[in-house]
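Quick notes on the structure that follows.
Every heavy atom of this structure was used, including side-chain atoms; hydrogens, water molecules and symmetry mates were not. Numbering starts at 1 and runs along the sequence shown.
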Amino acid sequence: MSWLSTLTKRLALPSVALCVVALGLLAPSAIAQSLESAIAPGDLARAHVKQESDCKNCHVRFERSAQPGLCLDCHKPVAADVRARTGYHGRLQERECRTCHTEHKGRDASIVKLDDKTFDHAQTDFALRGKHTETRCARCHRPKARHRDAPS
């Protein structure tokens, strides 16, 4: 047996033991967080970059139905609309945010899936009437601004 294989055999068990001890000393949540970060499908949009450091800001493990509540915890005006059943979000039948909003598509991704051609403005607090029905969306809704902040 060569001196190299003897040395390798002698160091193998202590090396494995050292790795096991080191992993055991790390907090389980740190290991889980590292794993979650490693399998994240992509970067969050610029608007949510502050939440990216901890998956728990937007996700509850094994409880996908908890996600809308976490969204509404941060998006207070939308939550108020939902509670009062006013505004666009308050009138929606669907209560899963991910139906219309997407994430993990990169910093510059648009997280709102909105089709200007099929959007029903009657579902908002500002139904289009008269000349407003002929007005282009961009006349009131500015790029990179929230649609709810458009002037009425």
- Query: Which heavy atom of Ala127 sits nearest a heavy atom of Ala122, and at what distance?
  - Reply: CB-CA, 4.1 Å
- Message: When you compare the side chain of His101 with that of Val112, does any pair of heavy atoms fall below 4.5 Å?
- Response: yes
- Message: Please list all pairs meeting salt bridge (Lys or Arg N to Asp or Glu O under 4.0 Å) that have one or both residues in residues 100-114, counting only residues at least two apart or in different chains.
- Response: Arg46-Asp108, Glu52-Arg107
Which donor-acceptor pairs under 3.5 Å do the side chains of residues 131-140 make with protein atoms, sequence neighbours left out?
residue, atom, partner, partner atom, Å
Thr133, OG1, Gly130, O, 2.7
Thr135, OG1, Lys131, O, 3.1

- Query: Would you call Leu70 and Asn57 a side-chain contact if the rule is heavy atoms closer than 4.5 Å?
  - Reply: no
- Item | Close side-chain approach of Phe126 to Tyr88, heavy-atom, < 4.5 Å | no
- Message: Has His147 got a side-chain atom pairing as donor or acceptor with His141's backbone, closer than 3.5 angstrom?
- Response: no
- Would you check, one step at a time, whether the test side chain to side chain contact (heavy atoms under 4.5 Å, CB included) holds for Val49 with Leu44? CA-CA 6 Å; Val49 73; Leu44 296 182; 5.7 Å; no
- Message: To check you understand the geometry: which heavy-atom pair defines the closest contact between Asp73 and Lys76, and what is its length?
- Response: O-NZ, 2.5 Å
Side-chain donor/acceptor pairs under 3.5 Å, residues 90-97, sequence neighbours excluded:
residue, atom, partner, partner atom, Å
Arg91, NH1, Gly87, O, 3.2
Arg91, NH1, Thr124, O, 3.3
Arg91, NH1, Asp125, OD1, 2.7
Arg91, NH2, Asp125, OD1, 3.1
Glu94, OE2, Glu96, N, 3.0
Arg95, NH1, His89, O, 3.0
Arg95, NH1, Leu92, O, 3.2
Arg95, NH2, Leu92, O, 3.3
Glu96, OE1, Arg98, NH1, 3.1
Glu96, OE1, Arg98, NH2, 3.1

- Item | Heavy-atom closest pair, residues Ala45 and Ala109 | CB-O, 3.9 Å
- Task: List the steps, then state whether side chain to side chain contact (heavy atoms under 4.5 Å, CB included) holds for Val78 with Arg148.
- Result: CA-CA 9 Å; Val78 174; Arg148 71 181 300 121; 3.7 Å; yes
